[in-house]
Amino acid sequence: MWRLGLIKKLFSMSRKFILTKEETLPENRLTIAYRDELNEQQFQVATIGNGPVLVVAGAGTGKTRTLIYRVAYLVETGVAPEHIVLLTFTRRSSNEMLNRAAGLLDGRCKRVRGGTFHAFCLTILKQYASKLDYPNNFTILDASDAADVIDVVRSTSSINTKGKRFPRKGTLQSIFSSVRNKGVAVGQVLEAGYPQFGAFTQEIELLFEEYSRYKQKHGLMDYDDLLIMTLKLFSKDPAVLFEIASSCRHVLVDEYQDTNRTQSLIVKALASVHGNVMVVGDDAQSIYRFRGADFKNIIGFPTEYAGSTVLKLEHNYRSTQSILDLANHLLSQAKRKFDKQLFTLKEGGDLPGLVPAPDDRFESRFVSQLILQLREQGIALREMAVLFRNGHNSFDLEIELGRKNIPFVKYGGLKLAEAAHIKDVLAYLKVIENPRDTVAWNRILQLLEGVGPKTAGQIIEWIEADQDDSFELKERPFSTAYIESLRALFVMLRSVKTSESTPTSQVEAVLAYYLPVLKRVYYEDFQKREQDLEHLIGLTVSFGKRSELLDSLVLDPIELTVIDVEAVKDDEPPLTLSTIHSAKGLEFKVVFIIHAMDGIIPSSYSVGDDESIEEELRLLYVAVTRAADHLYISYPSLQYRRYDGQYFTQPSRFLESVPEDILELCSLVEQDPVELPSHPAPNQLTSSGTPNQ
């Protein structure tokens, strides 16, 4: 694991260093009028000098815009674009920033090295993997593939789990991921999140070690390995670290509050030569602890980087001051935070409303009624969102929206690359790219008629033993039940392997072989799946190499597959339903926060854990700050438990101390008990479920 001592070790090497000053242009000679384009806080961030800088950027304060101007300023003042690294959490956001920076200045900004942590580490490992005894054409496993590998390792290990409630492959994958992302022992992860498996600590530790050995033997890396192995490379070969860090004159990191411990160590390593690192984030939006995000990274930055500067962005451009007053009040309850006070010059705006409803059904009727009323007043459905703590909190509302014929989309579906038929096609490409990828081999072999898990395993053993050519079907005692289909598979694989065609042509060649398989295996809905495959072909056009395509679909998976989301036939874009976690980064004119009661926000599982309670508070803050103009927070006053019967609820404890001049208490009045028609006229919308303020 990376240690600070390694940085010191770099400078004990027999090298000579020459310190040079970067030439900067006076402000009146710059192309961009930074002072005119930015507010005073943004200007300070964009034009600050060298050294470590933490930018605490409140919600809606234009941090992306500020980062863009920071990139442009560095380039315009003489920093070579190739020496700037911009790390983000999605490839889309990185591309957007660099394209906008290029639009501000010129094409030089497109040469900035931008991307996600995983993508950046992948470029390093593709060059230096051999130093870690990995092939440079190693395969990347997504979460489900990693779970399959764990299952294979478990089935062949000496661990006896018969008659015992041993964790399943998906749970083991989550445990292993937590171990690596948080940098803690297996026992600590089990104690914190899986106490029911504490008795198997030694067995799980052994399985973890065997899983690591299996991956190395077969040239496989999972998603976490991209970060862990990069740190291991830096530790094993300081000269490689020095070479890479020397080329990173300025390191910029977006959404730093979402980084895990490993990512923070990578940032420190990249900045170890020049010391110029700017991280931008909002401690109040650190809500991904369950994914391994470490709140201490952003809170501890000033201590971790001696002599660092802390700047703040507090001018909000999204919400009314009434909404910001509620957000500021919520933040005042936090114990560990950077002090900031969001403000806006935006005028007007009603107070946010707290709406107790008699029960779930009444809450759903209120929300759907008000959505229709606001729509009639000119606010489009796409400009409204309903947010909730857990996916199941919206089930009753979804039924009510269906009754009212209100179209909606719910965030959090299957990724395209996770759909079974897409994984099939990618598996063919993976074995062509890396013939040692036993996971992909196992998948495509079992698509052959007459081949089950046992037979697939035997064929894989033969493939591994043949060092000459994995795609030559030599004389073997194969069964006549599948010999012809196996021969056809090898012919296709060899044909694609030996061709020098584009990834698009390769995918088309695989599909020509695969479509009959698709119709046989997925007979009930193969036509829908064919549409996804057409979509996949369209995605391949932008890639020059097969390896780039495979890496991209793991690093930045495409959302939405027609198998899971039917096309919306309504004549307008739909309403958004979303968990709060999935809504981070989005904004809407109108936001409804439903089921805002104690036990949900905060979750009952967080009670007794101060860190968890603090994160639940930040979660509510994130939900509140998604709203631009109107905010309604509701909860059912009466709930039902299977064994306890009905019980009265309480609003979220975070809302108890909010003064009424910040959060207005509303009451619902049933004016007309008759159910409204599916398409009510505007004058009917006030008859039921409208807040009486």
Side-chain angles (χ1 to χ4, degrees), residues 118 121-122 125 129 132-161 166-181 186 189 194 197 200 203-229 232 262 292 415 417-420 422-447 451-465 470 547 550-551 553-555 557:
H118 293 86
C121 289
L122 176 62
L125 292 172
L132 298 171
D133 298 323
Y134 264 90
N136 288 338
N137 66 335
F138 61 85
T139 298
I140 307 173
L141 302 170
D142 62 19
S144 62
D145 286 339
D148 288 340
V149 171
I150 292 169
D151 205 34
V152 170
V153 173
R154 175 185 168 184
S155 65
T156 58
S157 71
S158 57
I159 299 174
N160 182 14
T161 61
F166 199 73
R168 296 181 177 179
K169 61 180 183 179
T171 303
L172 288 168
Q173 191 272 331
S174 297
I175 292 171
F176 294 170
S177 184
S178 293
V179 167
R180 312 186 83 193
N181 284 323
V186 168
V189 172
Y194 308 87
F197 298 125
F200 297 113
E203 289 88 345
I204 295 174
E205 287 175 341
L206 177 61
L207 198 58
F208 180 66
E209 294 171 2
E210 292 183 0
Y211 170 59
S212 298
R213 286 193 292 269
Y214 184 96
K215 286 184 295 179
Q216 181 145 14
K217 177 183 177 182
H218 295 92
L220 307 171
M221 287 194 194
D222 60 30
Y223 207 56
D224 300 321
D225 282 323
L226 298 179
L227 305 182
I228 299 295
M229 290 299 176
K232 184 176 180 180
T262 303
K415 305 292 186 183
E418 294 173 354
I422 301 295
K423 290 178 71 68
D424 291 344
V425 173
L426 297 180
Y428 293 113
L429 297 177
K430 286 179 179 180
V431 297
I432 294 169
E433 184 68 22
N434 175 17
R436 294 165 61 186
D437 188 341
T438 54
V439 177
W441 270 118
N442 187 62
R443 186 178 193 94
I444 65 176
L445 287 172
Q446 290 195 56
L447 290 173
V451 175
K454 183 178 180 181
T455 303
Q458 293 171 343
I459 297 174
I460 290 171
E461 287 180 6
W462 165 70
I463 291 172
E464 287 185 310
S470 299
S547 59
L550 293 172
D551 294 342
L553 287 173
V554 175
L555 294 172

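Keep in mind that what you see is a predicted model, and the values were worked out from it rather than measured.
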| said: To check you understand the geometry: which heavy-atom pair defines the closest contact between L132 and M229, and what is its length? | reply: CD1-O, 3.4 Å
| Taking atom OG1 of T171 and atom CD1 of I150, what is their separation to the nearest 0.5 Å? | 10.0 Å
| Stepwise, does the side chain to side chain contact (heavy atoms under 4.5 Å, CB included) test hold for Q216 with D133? | CA-CA 8 Å; Q216 181 145 14; D133 298 323; 3.3 Å; yes
| message | Please give me the minimum heavy-atom distance between V189 and V179, naming the atom from each residue. | response | CG2-CG2, 3.7 Å
| query | Relative to each other, are the rings of F197 and F200 parallel, tilted or perpendicular (30° and 60° limits)? | reply | tilted
| Which pair of heavy atoms, one from A147 and one from K169, lies closest together, and at what distance? | O-CB, 3.4 Å
| field | Side chain to side chain, L207 and V153, heavy atoms closer than 4.5 Å | value | yes
| message | Side chains of Y214 and T438: any donor to acceptor distance under 3.5 Å? | response | yes
| Any side-chain heavy-atom pair of P167 and I204 under 4.5 Å | yes
| K423 and S144: which non-hydrogen atoms are nearest, and at how many Å? | NZ-OG, 3.0 Å
| Out of curiosity, L227 CG to N181 CG, how far, rounded to the nearest 0.5 Å? | 7.0 Å
| task | Report yes if the side chains of Y134 and L125 come closer than 4.5 Å at any heavy-atom pair, otherwise no. | result | no
| task | Let me see the working for R154 and I159 under side chain to side chain contact (heavy atoms under 4.5 Å, CB included), right down to the final yes or no. | result | CA-CA 7 Å; R154 175 185 168 184; I159 299 174; over 6 Å; no
| task | Taking the side chain as every heavy atom from C-beta outward, state whether V149 and L141 have any atom pair closer than 4.5 Å. | result | yes
| To the nearest 0.5 Å, what is the distance between CG (N434) and OG (S547)? | 11.5 Å
| remark: All heavy atoms of P135 vs all of R436, minimum pair found to be CG-NH1, 3.8 Å
| said: Are the side chains of W441 and I459 in contact, using a 4.5 Å heavy-atom criterion? | reply: no
| field | Shortest non-hydrogen contact from Q173 toward A143 | value | CG-O, 3.8 Å
| task | Check step by step if side chain to side chain contact (heavy atoms under 4.5 Å, CB included) holds for V439 and T139. | result | CA-CA 10 Å; V439 177; T139 298; over 6 Å; no
Anything under 3.5 Å between a donor and an acceptor, one on a side chain of residues 425-433, the other on a protein residue two or more places apart or in another chain? List them.
| from | atom 1 | to | atom 2 | distance (Å) |
| --- | --- | --- | --- | --- |
| K430 | NZ | D145 | OD2 | 3.0 |
| E433 | OE1 | R546 | NE | 2.9 |
| E433 | OE1 | R546 | NH2 | 3.1 |

| Spacing of I228 atom CD1 and K232 atom NZ [to the nearest 0.5 Å] | 10.5 Å
| query | Can you list the steps and then say if D424 with R443 is a side chain to side chain contact (heavy atoms under 4.5 Å, CB included)? | reply | CA-CA 7 Å; D424 291 344; R443 186 178 193 94; 2.7 Å; yes
| query | Can you tell me how far CG of D224 sits from OG of S178, rounded to the nearest 0.5 angstrom? | reply | 8.5 Å
| field | Sequence-distant partners of Y211, ring pair (Phe, Tyr, Trp, His ring centres under 6.0 Å), two or more places apart | value | F176
